[in-house]
Amino acid sequence: MSEESPNTLDLPAGVLRVTEALAALGHAHAPVMLNDAARTAQQAADALGVALGQIAKSIIFRRKSDDAAVLVITSGDLRVDEKKVQAIVCAEGGKLGRADADFVKARTGFSIGGVSPLAHATTPVTLIDDQLFRFDVIWAAAGHPHGVFRLTPDDLQRLTGAPVHDVTAPPPTP
């Protein structure tokens, strides 16, 4: 059995859901299970031996007007600018709030640290960070803190159907 095709009987439920979604969408790379948890972008980058920016981290916000989940998929080396996201996804005067672990689990079906960009329990409003396009290959969570899958930024856009925006904060000045 190759590393790219884990035995589906051994996969956690969230990873199995992502595996099935990727297969249905014709994606070439199945999730792989890491030996160590990759709950943070840095842990994932270290485990995969890639640059921190190549980790497509999934950040969930809560749109207050309708309690919708807002998924921002951003480069692991950058921070999301909540005001930029709010301006894109909220009506005039609308607010975006933080999502706690219970909200994330209820809306996505995944626990924080394993939120995949697809195969959510409830379809979120999704935005893709334009800075992910700096890389030819990126890695995203596959529904579990140990699960990841390989893709390109173009694959991410095709798989999610999400628009690409500038959603990150400028790096801090020294």
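Every value quoted in this text rests on a predicted model; they were computed, and no experiment measured them.
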Within the structure provided, determine whether [X] and [Y] are in side-chain contact (heavy-atom separation under 4.5 Å).
X: Phe133; Y: Thr152; answer: no
X: Pro163; Y: Leu127; answer: yes
X: His29; Y: Leu22; answer: no

Inset, instruction - Only pairs at least two apart or in different chains count here, so list each salt bridge (Lys or Arg N to Asp or Glu O under 4.0 Å) that has a residue in residues 34-52. - result: none
Inset, instruction - For residues 79-89, pull every pair meeting salt bridge (Lys or Arg N to Asp or Glu O under 4.0 Å), keeping only residues two or more places apart or in separate chains. - result: Glu82-Arg98, Lys84-Asp166
Nearest heavy-atom pair of [X] and [Y]: which atoms, and what distance?
X: Leu16; Y: Leu11; result: N-CB, 4.3 Å
X: Ala101; Y: Ile112; result: CA-CD1, 3.7 Å
X: Ile73; Y: Ala56; result: CG2-CB, 3.8 Å
X: Leu156; Y: Pro117; result: CD1-CB, 3.7 Å
X: Lys57; Y: Ala41; result: CD-CB, 4.4 Å

Inset, instruction - Using the side chain to side chain contact (heavy atoms under 4.5 Å, CB included) rule, pick out the option among Ile138, Val137, Ile55 that qualifies with Val50. - result: Ile55
Hey, quick one: are [X] and [Y] part of the same hydrophobic cluster, counting side-chain heavy atoms closer than 4.5 Å, chains of contacts allowed?
X: Ile128; Y: Val125; result: no
X: Val18; Y: Met33; result: no
X: Ile59; Y: Leu132; result: no
X: Val115; Y: Leu151; result: yes
X: Val164; Y: Val167; result: no

Looking at [X] and [Y], would you say the former's side chain and the latter's main chain have a donor-acceptor pair under 3.5 Å?
X: Gln54; Y: Ala51; answer: yes
X: Glu20; Y: Arg17; answer: no
X: Gln86; Y: Leu96; answer: yes

Holding to side chain to side chain donor-acceptor pair (under 3.5 Å), I want the full list of residues that pass it with [X], two or more places apart in sequence or in another chain.
X: Arg63; answer: Asp66
X: Asp77; answer: Ser75, Arg134
X: Thr74; answer: Asp129
X: Lys64; answer: none

Inset, instruction - Can you tell me which residue pairs pass the side-chain hydrogen bond (donor to acceptor under 3.5 Å, both in side chains) test with a partner in residues 102-114, sequence neighbours excluded? - result: Asp67-Arg107
If you measure from [atom1] on [X] to [atom2] on [Y], what distance do you get to the nearest 0.5 Å?
X: Leu25; Y: Asp155; atom1: CG; atom2: CG; result: 10.5 Å
X: Ser116; Y: Leu71; atom1: OG; atom2: CG; result: 8.5 Å
X: Thr40; Y: Gln43; atom1: OG1; atom2: CD; result: 3.5 Å

Legend entry - Pairs where residues 72-111 contributes a residue and the test ring pair (Phe, Tyr, Trp, His ring centres under 6.0 Å) is met, not counting sequence neighbours: Phe110-His120
Inset, instruction - Please list all pairs passing the ring pair (Phe, Tyr, Trp, His ring centres under 6.0 Å) test where one or both residues lie in residues 33-66, with sequence neighbours left out. - result: none
Legend entry - Non-neighbouring partners of Ala21 that pass side-chain contact (heavy atoms from CB on, under 4.5 Å), sequence neighbours left out: Leu118, Ala119
In a table with atom names and distances, give each donor-acceptor pair under 3.5 Å that connects a side chain of residues 142-149 to protein atoms at least two apart or in another chain.
unit_1	atom_1	unit_2	atom_2	d
His144	ND1	His146	N	3.0
His146	ND1	Leu34	O	3.0

Inset, instruction - Sequence neighbours left out, what passes salt bridge (charged side-chain N to carboxylate O under 4.0 Å, His left out) with Arg158? Give chain and number order. - result: none
